[in-house]
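Here is how names work: the chains are called A, B, and so on, in the same order as the sequence lines, proteins then strands, and each is numbered from 1.
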2 protein chains.
Amino acid sequence: MRSSEPGTTGRRRVGRPSQLSQEAIIEAAQRIVDEEGDGSLSMRRLARELSITPMALYHHVRDRDQLLRLLLETKARNLPRPPMPDDPRERLTAAAQLLYDVLAECPFLGEILASEDLMTASCLWVIEAVLEAALACGFTLEEAVGLYRAIAHYTGGELLIRLTRERHLAHLDHPPYRARALAALQPQTHPRLCALADHWPALTSRDTHRAGLQALLEGFFQSPDRSGPQAPAAPA
Amino acid sequence: MRSSEPGTTGRRRVGRPSQLSQEAIIEAAQRIVDEEGDGSLSMRRLARELSITPMALYHHVRDRDQLLRLLLETKARNLPRPPMPDDPRERLTAAAQLLYDVLAECPFLGEILASEDLMTASCLWVIEAVLEAALACGFTLEEAVGLYRAIAHYTGGELLIRLTRERHLAHLDHPPYRARALAALQPQTHPRLCALADHWPALTSRDTHRAGLQALLEGFFQSPDRSGPQAPAAPA
DNA sequence: ACCTGAACACCGTTCAAGT
DNA sequence: ACCTGAACACCGTTCAAGT
């Protein structure tokens with residue numbers, strides 16, 4: 001009822017620092033994620049970091065899901081808000097890039113996507129920016145939502161796959177399974193993959209985010225019949 | 001060394017059925033995932049399903065990651081291979097749809113992406129099909145890889161977000177946090193999102209995979225300078 | 001109000017032993 | 001070769017109790 005999460009951060013007592021606060025918890029969680037990577041962030045590990053009992057955490061945070069949400073919140077809130085270009089089309093690109101930027105700072109993105117979605121309070125201004133730019137480009141409200149969703153899917157997928165890749169490169173205990181699969185390829189059945197096998201790591205480690213994003217946007221601008229039945233913009 | 005995973009399934013003894021086999025394990029795992037959803041698939045739960053000790057599993061499967069890979073393998077191997085259209089452009093769409101289809105059958109996609117990538121043996125023919133079609137469309141090898149990657153990112157992101165959505169709708173203990181966030185929106189700061197708030201669930205539950213995919217492909221066909229520096233197709 | 005201790009119901013995986 | 005039992009080092013979370 002008074003879950004207090006969406007709006008302001010809530011009242012802050014001024015008495016003594018009271019040791020443990022939501023802010024301190026988030027900061028410690030951030031530190032763990034940054035230094036040991038996502039996956040090391042457990043409630044118990046976090047409690048150890050703060051030299052408290054695991055259960056003390058639950059007094060400031062509902063559960064692990066809320067903790068992850070709060071981490072994303074802080075990233076989104078602290079994201080610098082660069083001036084937006086005047087040209088609508090460029091503004092759309094810039095807004096999409098903003099979404100990429102905030103998610104790129106979240107190594108726990110996979111867990112966020114697995115348990116929540118991106119509609120968390122402090123992210124909304126980024127989504128709003130995408131919608132605004134899309135509308136300024138002449139899209140209808142519904143088309144703008146479709147465009148936002150396509151951008152979010154593309155961005156989320158790219159980051160997730162990139163994060164996984166980097167995690168693997170970091171660990172590199174055993175060379176990835178992919179290498180064995182590629183090595184066992186037969187030219188008769190997989191001619192193009194065989195031709196590419198040696199270049200695959202190099203080709204797939206490139207950052208092609210912007211190229212793909214531009215293509216996606218370009219496609220939306222090109223097709224006049226983007227979403228099938230042109231429903232009216234504001235249904236009753 | 002003789003890890004035997006990429007190639008054939010390996011020799012099969014004919015003596016007695018020997019009770020436990022990799023096939024039986026995979027089948028049971030599939031059953032658990034289908035009936036109780038991903039997340040219920042633990043080694044211990046799987047052992048219970050098969051009425052054996054958890055450790056018996058490790059005699060047929062290296063670890064949980066390999067199990068997930070094998071699940072994806074089976075899905076990919078059993079994916080029907082529809083006849084491909086003659087037109088290269090349509091073939092590209094069909095191949096991309098194939099990738100979507102195989103991943104759509106994997107509720108454990110999130111865990112796959114978190115620990116492996118999609119380059120598992122039986123998936124390769126789908127990737128090969130995408131590359132083939134892209135080359136037939138006139139793209140260079142490198143451009144084809146970029147195109148494949150964009151498709152994979154878009155597809156992975158879409159499915160992951162859709163899976164999460166459905167999981168939430170299934171559980172629906174507490175209404176999603178998103179609802180609270182949307183309700184607390186202020187029209188001054190988020191006018192377009194406010195205007196959309198009521199329609200958001202309906203708009204975001206639509207299946208817009210094909211529309212977005214078409215836009216993405218369209219964009220790649222439109223831009224002549226897709227990937228910046230036009231490197232030669234086959235470097236030494 | 002804020003924190004602790006003990007407990008519940010789980011995990012993946014290793015190691016030594018059984019047949 | 002194939003499986004079991006016991007153990008290790010973890011999880012998130014609840015519940016009752018302390019101050």
Atom pair distance, as rounded to whole Å: [atom1] in [X] and [atom2] in [N]:
X	N	atom1	atom2	answer
A:Asp63	D:dC15	CG	C1'	17 Å
B:Arg64	D:dC11	CZ	C1'	13 Å
A:Arg62	D:dT13	CZ	P	11 Å
A:Leu41	D:dC10	CG	C1'	15 Å
A:Leu68	D:dG12	CG	P	10 Å
A:Leu67	D:dC11	CG	C1'	15 Å
A:Leu57	C:dT4	CG	C1'	13 Å
A:Tyr58	D:dC15	OH	P	13 Å

Within the distance-only criterion (no hydrogens, no angle test), does the side chain of A:Thr74 pair as donor or acceptor with the backbone N or O of A:Leu70 below 3.5 angstrom? yes
Check: A:Glu105 side chain, A:Lys75 main-chain N or O, donor-acceptor pair, under 3.5 Å: no
Counterpart residues, side chain to side chain donor-acceptor pair (under 3.5 Å), relative to B:Asp34 (two or more places apart): none
Set of residues satisfying side chain to side chain donor-acceptor pair (under 3.5 Å) with respect to B:Arg31, sequence neighbours excluded: B:Glu49
Side chain to side chain, [X] and [Y], heavy atoms closer than 4.5 Å:
X	Y	answer
B:Leu72	B:Leu103	yes
B:Pro82	B:Leu98	yes
A:Val126	A:Leu118	no

May I ask you to decide whether A:Arg162 forms a salt bridge with A:Asp207, counting only side-chain N to carboxylate O separations under 4.0 Å? no
Short N-O contact, A:Arg69 and A:Glu111, less than 4.0 angstrom: no
Pairing pattern in dot-bracket form [Watson-Crick, G-U; both distances under 3.5 Å; | = partner strand] for DNA chain C: ||.|||||...|||||.||
For A:His60 and C:dA1, is the shortest distance between a side-chain N/O and OP1 or OP2 below 4.0 Å? no
Listed nucleotide nearest any side-chain atom of B:Met55, set C:dC3, D:dG5, C:dA6: D:dG5
Measure from the side-chain heavy atoms of A:Pro54 and tell me the nearest of D:dC2, C:dT13, D:dT13. D:dT13
Using a distance-only test with no angle check, is there a side-chain donor-acceptor pair under 3.5 angstrom linking B:Thr204 and A:Arg149? no
Can you tell me how the ring of A:Tyr100 sits relative to the ring of A:His209, calling it parallel under 30°, perpendicular over 60° and tilted otherwise? parallel
Which parts of residues 42-53 of chain B get close to DNA chain D, meaning a heavy atom less than 4.0 angstrom away? B:Arg44, B:Ile52, B:Thr53
Expected rows: protein N/O vs nucleotides 17-19 of chain D N/O, under 3.5 Å:
none

Selection residues 102-127 of chain B - residue pairs positive for ring-ring contact (aromatic ring centres under 6.0 Å, His included), sequence neighbours left out: none
Between C:dC10 and D:dA9, how far apart are the two C1' atoms, rounded to whole Å? 13 Å
